[in-house]
Amino acid sequence: MIESADEDPLAPAAGLWRDAGRRLRGSRAALLALGVIALLVALALLGPRLNPNRSDTIDWSCIAMPPGLRHAHWWGTDRLGRDLFVRTLLGTRISLAVGLIATAVSLVVGIVYGAIAGFVGGRVDHLMMRVLEILSGLPLIFFVILLTVVFGRSVYLLFLSIGAIGWLTMARIVRGQAMVIRGREFIEAATAAGAGPVRIVLRHVVPNVIGPVIVYATLTVPQIILFESFLSFLGLGIQEPQASLGTLIASGAAEMESAPWMLLVPSVILATLLISFNVLGDALRDSLDPGEL
Amino acid sequence: MLAVQDLRVTFRRAGAAIEAVRQVSLDVEAGECVGIVGESGSGKTQLCLAIMGLLPPNAVVGGAVRFAGEDLLSAPPSRLSALRGAKLAMVFQDPQSALTPHLKIGVQMAEVLVRHRGLAWPAARAAALGMLGRVGMVDPARCVQQYPHELSGGMRQRVMIGMSLLCEPDLLIADEPTTALDVTVQAQVLELLGRMRRDLRMGILLVSHDLAVVAGLAERIVVMYAGRVVENARARDLFRSPRHPYTAALMACAPDLAGPVLARLPTLPGQPPGAAQRLDGCAFAPRCEYANEQCARQRPLLSTLDGGRQVACHAPLPP
Amino acid sequence: MSAPLLEVRSLRVEFDAGRGLIRRRRFTAVDDMSFVLGAGETLGVVGESGSGKSTLARALLRLVPAAAGEVRWRGENLLDLGRRALRERRRALQMVFQDPLASLDPRMTVGEILAEPLRIFEPRVRRQQRRERTDRMLRRVGLPRWTSNHYPHEFSGGQCQRIGIARAMMSAPELLICDEAVSSLDVSIQGQIVNLLTDLQAESGMAMLFISHNLAVVRHISHRVLVMYRGRLVETAPREALFAGPLHPYTRALLAAVPGAAAVRAAAGPAAEPAIGEVPADAQAPAAAQPGCAYRPRCVHAVQVCAERRPLAEAAAPGHLVACHRHAVLGYSATVNPSATPEKPSVTP
């Protein structure tokens, strides 16, 4: 007979989250990436306070000065004498904000849309997917340009429009996952046990779907940051005197030969951010995959 | 013809060593059918894969497997590849996954002959057609043009058996060939195997968790538990009087169609040990009703009793 | 025998066979099934793959939609009920599934899985009491208390099936449907689970519908047996009558094909029924597409009328129904023990 001892001979409950956490902690790359992101976030939030300059302060005495410790222009200045340290970090703040908020928007919209389509299935799913496909076919840039033209330039519009486009792939992923889960026997068992559709979606479908969703969300953040940078580079996003990494890179590119630090500083920050998020996303995917064993 | 000696298969996973097969020895003569019976965790499938050389790369194999005098474990992959399908064939448990889904049946079968016997395609296709008829397919001409997913489970299993018999192998390893099939189809497949064995003088290693499936076909039966052989005897002797408590329990546990209806089914308490568990003493001791002190301390070795049968037990049942 | 708890009348379940927006072929998985089940009774449903037995189980619980017929539970037709009312009835009708691990949510602990029926049907029960009840049920099915804190994938097949049974029993059901509940378990474990089910039934007086392709197990656990072929009822009888004297050619072939007692005794006598043929290619088509008996393509006794008219289930003896045009003529009366010599068909009343 199974040991009816009251002692628990098995190791402490191996929950899938706890397992994932453990695996994640074991991956050096993931820890490094997480650390770097944390550092950048901290820097973006607190950094500007450490520096006496402000983002739009024009210091005529220090135009286009290379990085150094003089005049507290640690990372140099730009063409107009504005401090790059502060501007870059403020730009990082905006890029991060856009990335995270837009990802959150696409997450919410995408999960709801995808879960409904995937779980309900049938004609509803058909219709929803056709709509999705049509929307996917629209060229992003023109869409954003259109919105900008109609509503004028504003940061919030940027958030919304990027998020509104980012949900498409999220919805697809969630729908695919929901369809797989829907066929699994424990969903049938839950129905047979008397659970209603709301309970099933909230307590059974979502927890089982969330793994890939988290991974994809982590990988979406860098994509969105890059997209925003691209838009700003084109002049469609953040406008002067505000800065985002994209605008900084744009103006830095013009000065590439004479004042390379103006390009290098924001580029390095952007690249570091992107790489870290990607590494983290990959590591998350590996750790959340209960496949082996 | 096939001599397995002290075969050991160990997997390394996450730093731990998992012993799937622990020191198994058995022989198969030409034209003989040997049945291997065991439940989950007994290592019977790993045993078959080891003989065929189909284990994953993280498997460590020890011991010897001699086939017609040749050592298979140390043979180069090219030699194994040449042997497989030609002299040594295997039928897998799940016919669905063993057949290539995007190739027609005729092509898959003919390919075996083209590769191993060097036949030209038209001749190979004709031979495949003939074989399908011999395995009892109702409409071979139609089947040759179909894809695996268009066939039923029983038909797919027949195709697999047909494929494995095309080169007239000396040894056929059948791993749970009927588990996925309906009982009526199962009877036909077993009868087919018997017929082919007689016609081709082929040796068969028949693996199953079901004693009854093995009973109809095998002359000798090997019972495995937790990676080891616990009993090895002629089929007739085994069924008349099992000597190992596990064998006796297996026979008692299988509900009978013809005997009296029991209010409670006989059962073995507990469950077979997992592959990763370290075992002191006899692996079966925790579930054995005859277990004593020695059984828990010391692992019984396989000893030969009268009548050419082997049992690994400190206190084998009386005949 | 008390009044039947469950009464199924002419149940019919259809699926879409072909894709395509223009033409949709319908495949009949369950075709005109009727039977009854009383309290404390176990009905064994036997059939091979494609017989529709699993679909039948799901249709009874409305896990798949039924195209026609009635499923009367305590006089009320379940197929007519609205969603809310249906959910309330589910309390009394529970199911144990074939794959023990797959039927348990991998992201929930065993304790949470067992507590779910309580949360659904008795939401007022507080956490402490919930915990006590789940612990008690775990004990009842032979699992230690600490099982609650762990996840399904940490347990073996047999243990998972006990968990599944425990979950089904939490709401004190009056009918338990076991869909191939022991088919994926080792032989030495099967007995444990079967015994557990019979014990639970004896304690609670619930009815059981035991679906399996394993005739030997069905024989030991059922009071009555029902044989299905391609969605249709082929034969139903009390256990003894079915196994000792089956009347339908398919039942006889099924019993003869089981590698059982005869093989073990190594006295292989010729089967009492000529070997059953493989299903020919054209019989793969949905049974409803052809008039006449669904078994005809494989039946050695088939005659003209078998191809023309579908046989209805008629009573050959009290409680013993057969759907075969020729059962009276074929008149099997001896046992089906394959070690016996084949008897010649004789005309018996």
Side-chain angles (χ1 to χ4, degrees), chain B residues 38-42 136-139 142-143 146 150-155 158 178 180-188 190-191 209-217 235-236 239-240 246 249-259 261-272 274 287, chain C residues 47-51 142 156-159 185-196 198-199 213-222 239-240 243 250 253-266 268 271 275-284 298 335-339:
Chain B
E39 298 182 300
S40 49
S42 58
M137 289 297 275
V138 174
D139 191 352
R142 179 165 171 203
C143 177
Q146 286 179 308
E150 296 177 298
L151 305 179
S152 73
M155 293 159 97
R158 282 173 209 268
T178 59
L181 303 177
D182 287 333
V183 85
T184 46
V185 180
Q186 175 176 287
Q188 290 163 4
L190 291 175
E191 189 250 343
H209 64 271
D210 189 349
L211 261 175
V213 161
V214 163
L217 216 53
R236 212 167 326 152
F239 289 117
R240 200 155 13 100
Y246 177 60
L250 262 190
M251 288 169 60
C253 280
D256 218 359
L257 252 195
V261 175
L262 307 164
R264 293 181 72 75
L265 285 179
T267 178
L268 269 180
Q271 59 216 347
R287 302 171 82 189
Chain C
E48 300 185 302
S49 47
S51 59
S156 72
Q159 288 165 316
L185 305 176
D186 280 330
V187 168
S188 62
I189 312 278
Q190 273 183 17
Q192 293 174 14
I193 303 298
V194 169
N195 290 341
L196 174 63
T198 37
D199 286 344
H213 62 270
N214 186 332
L215 290 158
V217 173
V218 165
R219 178 166 170 258
H220 284 271
I221 199 179
S222 317
R239 169 187 56 204
E240 307 302 339
F243 283 94
Y250 176 61
L254 211 54
L255 289 169
V258 174
V264 175
R265 277 186 237 118
I276 185 170
E278 176 69 65
V279 183
D282 58 4
Q284 302 271 1
R298 295 168 80 177
T335 76
V336 84
N337 190 337
S339 66

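Reminder, nothing fancy here: chain letters follow the sequence lines and each chain counts from 1.
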Side chains of D210(B) and V187(C) in contact at under 4.5 Å (non-hydrogen atoms): no
Note, S188(C) side chain near E39(B) side chain (heavy atom, < 4.5 Å): yes
Top of L185(C), D199(C), N214(C), V218(C) for chain B proximity - count of heavy-atom pairs under 4.5 angstrom: D199(C)
R240(B) versus chain C, the contacting section by heavy-atom distance below 4.5 Å: neither
Proximity breakdown for V194(C) and chain B, heavy-atom pairs closer than 4.5 Å: side chain
Contacting moiety of H220(C), where chain B heavy atoms sit under 4.5 Å: both
Among L190(B), V261(B), L268(B), V214(B), residue most engaged with chain C (heavy-atom pairs, under 4.5 Å): V261(B)
Name of the residue among C253(B), P272(B), P269(B) meeting side chain to side chain contact (heavy atoms under 4.5 Å, CB included) with I189(C): P272(B)
Inter-residue atom distance T267(B).OG1 - N195(C).CG, 0.5 Å rounding: 6.5 Å
Minimum heavy-atom distance between M251(B) and F239(B), given as atom pair plus value: CE-O, 3.5 Å
